[in-house]
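Presented below is the structure to which this report refers.
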Amino acid sequence: MAENNTTHKWTMIVDLDKCTGCQACVVACHAENNVPIASEDQVIAGRGLHWIRIERYWEGEYPDVKAKFLPVFCQQCNEAPCEPVCPVYASHHSEQENINIQTYNRCVGTRYCGNNCPYRVRLFNYYPPKWDEPLEQQFNPDVTVRGPGVMEKCTFCIQRIRRVREVANAEDRPIEDGEIQPACAQACPTTALVFGDKYDEESLVSKMLPHERQFKLLESLGTEPAVYYLKGGETHVGE
Amino acid sequence: MPNVTRRNFLKVGAAGTAAAVLAGCSQEGERWVTLEPYVTAPEEQLAGIPNWYASTCRQCPAGCGIIVKIMNGRATKIEGNPEHPANRGKLCARGQAGLQLLYNPDRVTGAVQQSERGERKYKPIHWNEAINTLYERVKTAGPAVAVWTGSSTSAHLSDLFTRFTAAIEAPPPIRYDLYSGLNGYAVLAAANQSLFERAVLPAYDLSHADAIFSFGADFLGTWLSSTSYGVEFGNFRSQPYGKRGFLAQFEPKMSITGAKADRWIPVRPGAEALVAQALVKIIAEEGLGSPERVERAKALAGEVNIEDAAAACEMSPEELVVLAKAFAAADHPLAIPGSSVTGQPNALAATAAIQALNVIAGTTGQPGGMTLTPDLPVADLKIPPVSTFADAQQLIERMKAGEIKVLLVHGANPAYDLPPETGIIDALNAVEDVFSFNPMVDETAAHATFILPDRVYLEGWGYEVVQPGFQGLPMISSQQPVVPPLYDIHSTGDVLLAAVKGIPKAAEALPWADEVEFIKEMITQLPEGALGGEDNEVRWARYLQHGGWWPETMPAEAAPQTTAEPIEVSATTYQGDEEEFPYFLHLYLPVLLSDGSGANAPWLQGSPDPLTTISWQSWVEINPVTAKKLDLDNGTLVKIESPYGEVEVPVFIFPAIRPDTIALPLGQGHSDYGRYARKRGSHPLKLIGVQTDESGNNLAWANVRVKISKTDEKKALARLESSIPVEEGDHLPF
Amino acid sequence: MRRLAGLSLRQRLMLGGAAAGFGIVLVAILLLVLTSTTDAADEQPIKFSHQAHAKNDISCQFCHVGVTHGPVAGIPSVEKCMGCHSHIATANEEIEKLTQYWEKQEPIPWVRVNRQPSYVYFNHYSHVAAGVGCGSCHGDVKTMTIAEPVVEMNMGFCLDCHAEQENKDALYDCAVCHR
């Protein structure tokens with residue numbers, strides 16, 4: 001059993017040519033991870049809470065204007081700037097999953113990690129999250145409901161990873177490619193999000209990488225994100 | 001702390017703060033937890049291990065297959081059914097938010113009566129009394145009964161209602177709501193009837209296309225079946241032919257489909273068909289593409305001025321020729337008529353003119369072509385026909401005239417779905433008894449005398465005859481309860497079957513003991529499909545387990561046949577004087593709230609609209625040039641007036657819209673429909689009249705002109721992007 | 001972070017705890033909940049005896065079926081109890097209580113004996129599959145008339161055992177138990 005599933009390099013590929021900005025991933029993430037919805041006033045105050053957000057960029061001017069979508073979530077950096085600044089080690093690196101873990105019950109809310117994250121994907125619960133009864137019936141019991149004063153972020157759906165890993169380990173077999181799907185990748189209608197283990201040479205992500213269109217967000221910072229973006233293209237006719 | 005071991009440290013820490021802690025939270029409550037076992041455990045359930053049940057999404061009429069995760073008796077997540085041929089394992093934001101309908105805090109929890117219409121004060125009544133009252137009122141009314149359903153009403157219920165109205169000699173149920181109305185279901189069906197002699201919705205095989213010309217169809221957002229089209233678009237962008245396909249989007253305001261297009265063309269509202277006809281004419285005159293295509297184009301080409309068409313697209317005629325060539329030279333080109341085309345006064349001809357491009361392509365029924373939703377091999381399982389606006393209006397007039405004594409409303413919200421200009425509220429109040437079967441108090445239920453809430457789709461039975469039928473397949477999507485009903489509520493099918501028992505003719509037409517018996521009788525008529533099953537019981541079990549029924553291969557009728565005849569499209573006309581109302585109004589169904597049925601879910605309200613990043617609000621999209629001319633800024637409250645009404649909304653400066661057009665999303669502006677929807681934003685249907693198209697059947701809603709006037713007020717926009725303005729002199733808050 | 005790998009587990013936990021101790025009580029509150037146990041003996045609605053069942057060689061899994069399937073061991077349904085007790089020891093005072101619950105078709109409001117706070121995720125299946133006996137955490141239930149928590153199931157208890165394992169993943173990776 002020891003030889004199976006020791007370490008993994010969980011990796012996400014985001015194909016910007018396929019992302020339509022439809023928000024299916026956003027709602028899937030809210031449902032899966034018990035992420036509260038910020039009220040109108042909170043959104044106005046800049047305290048919207050989404051573990052995954054679709055940024056929209058304009059390019060050019062009317063009539064040759066383009067809108068480009070960029071889904072941004074925790075980049076699960078190998079050299080994560082959020083980790084060394086946490087005074088209580090709530091933000092730390094998982095050696096076996098190779099992702100960045102936020103331990104809510106350790107977090108004391110200094111917000112240093114959010115401050116240090118260049119991707120602005122760490123979110124702070126300024127107020128106690130509120131669900132009007134019986135909306136809380138929908139909660140995913142596999143994910144802690146975070147209280148006020150706690151920092152939270154995308155976990156690559158660690159609860160799904162753990163569930164599969166625990167079963168695979170108990171059954172003494174390796175995790176199969178595709179067995180783990182984070183909620184966002186699962187929902188994405190166009191399959192713009194592809195998730196897998198980069199250490200597994202047979203996995204889809206390993207086969208897709210390196211890709212001619214690939215880039216990483218703020219690559220020059222040396223954070224070594226585990227999220228690869230594939231540039232969108234454009235077909236021209238008549239040239 | 002000398003010699004502190006880890007465990008001691010933890011204990012010390014705990015003891016030291018115990019006093020403070022106990023004051024703050026109840027430790028007893030934390031510690032004394034009872035654990036109640038099942039009395040009789042369901043054999044398939046184990047605590048802590050999820051079960052998944054297949055069913056059908058009802059958040060829009062597309063009929064996507066879903067699987068619902070049940071943990072310890074609670075529904076915690078909805079995902080797409082991977083086996084379902086329509087959505088193939090995927091699900092949109094609206095579909096996933098179905099859980100917030102199920103667990104909505106503002107559901108009606110039992111049968112209620114309202115003595116004063118519109119007062120919104122309800123008296124609970126016993127279900128027996130409710131069913132008895134329904135029986136008595138219907139019996140007394142005789143044929144003066146009308147049924148109003150929506151496009152998301154389960155097909156089994158539509159069938160039951162149809163049998164019921166036929167038995168009591170009342171007119172057939174109306175099936176009309178905002179989603180089917182604005183997406184032009186009736187227009188698409190009628191156009192296909194005239195071209196291909198089949199009045200059904202088309203499906204487009206984007207997966208195998210290499211050039212897609214979409215005329216205002218936001219198929220990635222809210223057009224007909226967005227999740228399935230999302231899957232199709234993903235396949236299209238996977239480059240099946242080893243080269244990147246070409247998507248051209250003709251629309252006055254960029255939708256998310258426009259954002260994904262290789263070429264976004266800001267066509268003047270109402271000129272879409274003109275452009276399509278120009279493309280046909282160019283193909284015919286310039287002899288573009290294969291000789292067969294040129295022949296068909298010659299046969300179909302109508303009278304059109306190419307320069308006008310190019311001008312409507314803000315491009316040169318040469319550029320239009322380039323586009324025509326891209327279409328004609330493609331191996332698998334597609335043309336898609338969108339919703340704003342179906343809202344024009346020349347809707348039918350305009351839609352047909354765009355469909356004609358598919359005829360010219362000659363790929364209908366082939367990979368990368370258009371198919372028409374095939375019929376099921378069982379006569380009892382019909383695609384429920386969608387009503388036209390004229391049908392709805394005719395009923396409204398009868399209601400106003402006092403000819404309708406009892407109105408049953410299920411799955412539609414006419415008081416919100418129709419322009420107030422129709423006088424729908426007065427019509428509702430003129431009916432002696434309005435029975436609403438909607439699970440929440442919506443605008444229509446607010447004017448009902450009785451609310452007999454149906455179970456929401458995750459608690460109830462049903463099925464959907466899926467249209468559009470992707471991959472050319474006829475499909476039935478199964479709907480079964482995945483959780484027990486949250487409240488003491490009876491399904492509308494059962495209520496109807498019980499209530500008509502005392503009306504001999506209706507009882508004879510509806511002999512079933514309950515709706516499940518009816519559904520099973522209908523479904524087991526189906527032959528063996530892709531899921532197999534040697535006898536009825538096995539087929540029924542597989543139908544429920546796998547989420548429906550579909551055959552393995554596409555039937556021949558999915559490939560439409562036609563004879564090519566030139567299509568004459570008259571020039572579009574506009575409502576409102578050009579001088580007084582200088583701007584075109586572009587209404588659209590936004591990705592999240594859609595036709596407003598999503599406004600009751602915090603997930604949909606609170607997630608940002610993709611292009612504006614605004615949540616929780618209404619807004620108007622205005623081109624920067626126009627905004628500058630009118631001295632408008634982001635958040636400036638403006639009054640939008642049309643010949644029919646006015647709304648007040650904040651401005652969002654939007655670079656991807658024509659300067660002569662303003663765009664308003666629907667979905668907000670509810671006066672009822674629960675705490676998350678109520679009193680939020682504006683309802684732009686107030687700007688629409690009741691003018692119909694040339695056929696007299698369909699609402700002309702896409703050709704209205706408006707004027708804008710600035711107010712002195714501002715409203716902070718709830719935007720995800722830069723909600724704190726960064727201006728000179730300002731500094732960033734971080 | 002990798003650069004902490006040189007610190008011992010104990011040092012890491014101590015550092016974390018010490019920083020939290022500087023006036024922020026949140027961690028302490030959570031720890032208090034973590035260390036809490038119940039004194040359930042007097043509170044149970046039926047004086048169920050594990051001993052009486054275990055001495056008849058009924059395995060734990062016969063009633064706690066979840067342990068070989070997933071995270072939750074589970075407690076048997078009233079129907080399952082009645083499967084035997086509609087015939088066995090029906091005259092017993094406690095079994096009469098059981099029969100009453102069954103006749104009223106009501107669940108038995110058992111008081112939880114072993115409990116973890118909501119941010120702790122424990123999987124029975126993983127441990128059972130790795131050959132960990134039930135008694136390692138639950139004590140010798142066979143000798144108990146009414147089940148009681150015998151060990152404080154706090155983080156230290158988990159870590160002490162995992163520190164002895166060849167695979168130290170569960171020691172260093174918070175996400176194994178907290179997510």
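Everything numeric in this text was worked out from a predicted model, so none of it was measured. A, B, ... follow the sequence lines: proteins, then strands. Residue 1 opens every chain.
- Neither the backbone nor the side chain of B/Tyr229 comes within contact range of chain A; no heavy atoms are under 4.5 Å apart.
- Of the possible donor and acceptor atoms, one in the side chain of A/Gln186 sits under 3.5 Å from a partner among the backbone N and O of B/Gly89.
- Residues B/Ser607 and A/Gln23 approach most closely at CB-OE1, 4.4 Å, considering heavy atoms.
- Proximity to chain B is limited to the backbone of A/Ala38, based on heavy atoms less than 4.5 angstrom apart.
- Atom CG of B/Asn104 is separated from atom CD of A/Glu133 by 13.0 Å, given to the nearest 0.5 angstrom.
- Heavy atoms closer than 4.5 Å to chain B are found in both the backbone and the side chain of A/Glu234.
- Shown are B/Leu220, B/Thr257, B/Val591; of these, the side chain to side chain contact (heavy atoms under 4.5 Å, CB included) with A/Thr20 is made only by B/Leu220.
- Smallest separation of non-hydrogen atoms from B/Gln96 and A/Val27: CB-CG1, 3.9 Å.
- The backbone N or O of B/Pro610 lies less than 3.5 Å from no partner atom in the side chain of A/Arg56, so there is not a single donor-acceptor pair.
- When B/Gly73, B/Gly95, B/Ala75 are compared by the number of non-hydrogen pairs under 4.5 Å with chain A, B/Ala75 comes out ahead.
- Taking CG of B/Leu604 as the start and CD1 of A/Ile37 as the end, the distance is 8.5 Å to the nearest 0.5 Å.
- Neither the backbone nor the side chain of B/Ser228 comes within contact range of chain A; no heavy atom of the residue lies under 4.5 Å from a heavy atom of that chain.
- Contact count versus chain A (heavy atoms, under 4.5 Å) is highest, among B/Arg88, B/Gln100, B/Arg94, B/Arg244, for B/Arg244.
- Looking only at side-chain heavy atoms (C-beta outward), A/Cys22 and B/Ile256 come within less than 4.5 Å of each other.
- Both the backbone and the side chain of A/His30 have a heavy atom closer than 4.5 Å to some heavy atom of chain B.
- If you measure heavy-atom distances from A/Glu55 to chain B, you find no contacts under 4.5 Å at all.
- Only the side chain of B/Leu592 comes within less than 4.5 Å of a heavy atom of chain A; its backbone N, CA, C and O stay farther away.
- Residue B/Glu319 does not touch chain A at all, counting heavy-atom pairs closer than 4.5 Å.
- The nearest pair of heavy atoms linking B/Pro266 to A/Pro63 is CG-CB, 3.8 Å.
- Atoms CZ and OG1, on B/Arg237 and A/Thr191 in that order, are 14.0 Å from each other to the nearest 0.5 Å.
- A/Leu135 touches chain B through backbone and side chain together, each having a heavy atom under 4.5 Å away.
- Contacts between B/Arg680 and chain A at a heavy-atom distance below 4.5 Å involve the side chain alone, from C-beta outward.
- The two atoms that bring B/Thr76 and A/Phe139 nearest to each other are CG2-O, 3.4 Å, heavy atoms only.
- Here the closest non-hydrogen pair linking A/Lys18 and B/Gly234 is CE-O, 3.3 Å.
- Atom NZ of A/Lys231 is surrounded by 12 or fewer heavy atoms from other residues, nucleotides or ligands within 6.0 Å.
- Comparing B/Val321, B/Ile78, B/Ile657 by heavy-atom pairs within less than 4.5 Å of chain A, the highest count is held by B/Ile657.
- In B/Gln239, the CD atom is crowded: over 12 heavy atoms of neighbouring residues, nucleotides or ligands sit closer than 6.0 Å.
- Among A/Ala183, A/Gly232, A/Ser39, A/Gly60, the residue making the largest number of heavy-atom pairs under 4.5 Å with chain B is A/Ser39.
- In terms of heavy-atom proximity, B/Gly48 sits nearest to A/Arg163 at O-NH2, 2.8 Å.
- Interface remark: of the candidates B/Pro602, B/Ala326, B/Gly258, B/Cys92, B/Pro602 forms the most heavy-atom pairs closer than 4.5 Å to chain A.
- In this structure, the portion of B/Ala261 lying under 4.5 Å from any heavy atom of chain A is its backbone and not its side chain.
- Rounding to the nearest 0.5 angstrom, the gap separating the CG atom in A/Asn33 from the NZ atom in B/Lys77 is 9.5 Å.
- The part of A/Leu16 that comes within reach of chain B is its backbone (N, CA, C, O), which places non-hydrogen atoms under 4.5 angstrom from that chain.
- Of all the listed residues (B/Ala97, B/Gly80, B/Pro659), the one sharing the greatest number of non-hydrogen pairs under 4.5 Å with chain A is B/Pro659.
- Contacts with chain A were tallied for B/Ser615, B/Pro105, B/Pro655; B/Pro655 has the most, counting heavy-atom pairs under 4.5 Å.
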Residues B/Arg675, A/Asp132; criterion salt bridge (charged side-chain N to carboxylate O under 4.0 Å, His left out); working and verdict:
CA-CA 10 Å; B/Arg675 68 189 73 177; A/Asp132 298 321; 3.5 Å; yes

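- Residue B/Lys260 touches chain A through its side chain alone, counting heavy-atom pairs closer than 4.5 Å.
- Per-residue heavy-atom pair counts under 4.5 Å with chain B were compared for A/Cys25, A/Gly21, A/Ala28, A/Ala192, and the maximum is reached by A/Ala28.
- Rounded to the nearest 0.5 angstrom, B/Met254 CE and A/Lys66 NZ are separated by 7.0 Å.
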B/Phe654/A/Tyr62 under side-chain contact (heavy atoms from CB on, under 4.5 Å): CA gap, chis, key distance, verdict:
CA-CA 10 Å; B/Phe654 193 83; A/Tyr62 180 88; over 6 Å; no

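- A/Thr190 and B/Lys90 form no side-chain donor-acceptor contact under 3.5 Å, judged by distance and modelled atom types alone.
- Proximity to chain A involves both the backbone and the side chain of B/Ala716, based on heavy atoms less than 4.5 angstrom apart.
- Distance check: B/Asp609 CG to A/Ile54 CD1 gives 11.5 Å after rounding to the nearest 0.5 Å.
- In this structure, the side chain to side chain contact (heavy atoms under 4.5 Å, CB included) partners of A/Asn140, at least two apart in sequence or on a different chain, are A/Glu32, A/Asn34, A/Asp142, A/Val143, A/Gln159, B/Lys69.
- When atom types are taken as modelled, the side chain of A/Arg53 and the backbone of B/Leu720 share no donor-acceptor pair closer than 3.5 angstrom.
- With a 4.5 Å cut-off on side-chain heavy atoms, A/Val43 and B/Gln617 do not count as touching.
- No donor-acceptor distance shorter than 3.5 angstrom exists from the side chain of B/Trp616 to the backbone of A/Asp41, with no hydrogens or angles considered.
- Other residues, nucleotides and ligands place more than 12 heavy atoms under 6.0 Å from the CZ atom of A/Phe215.
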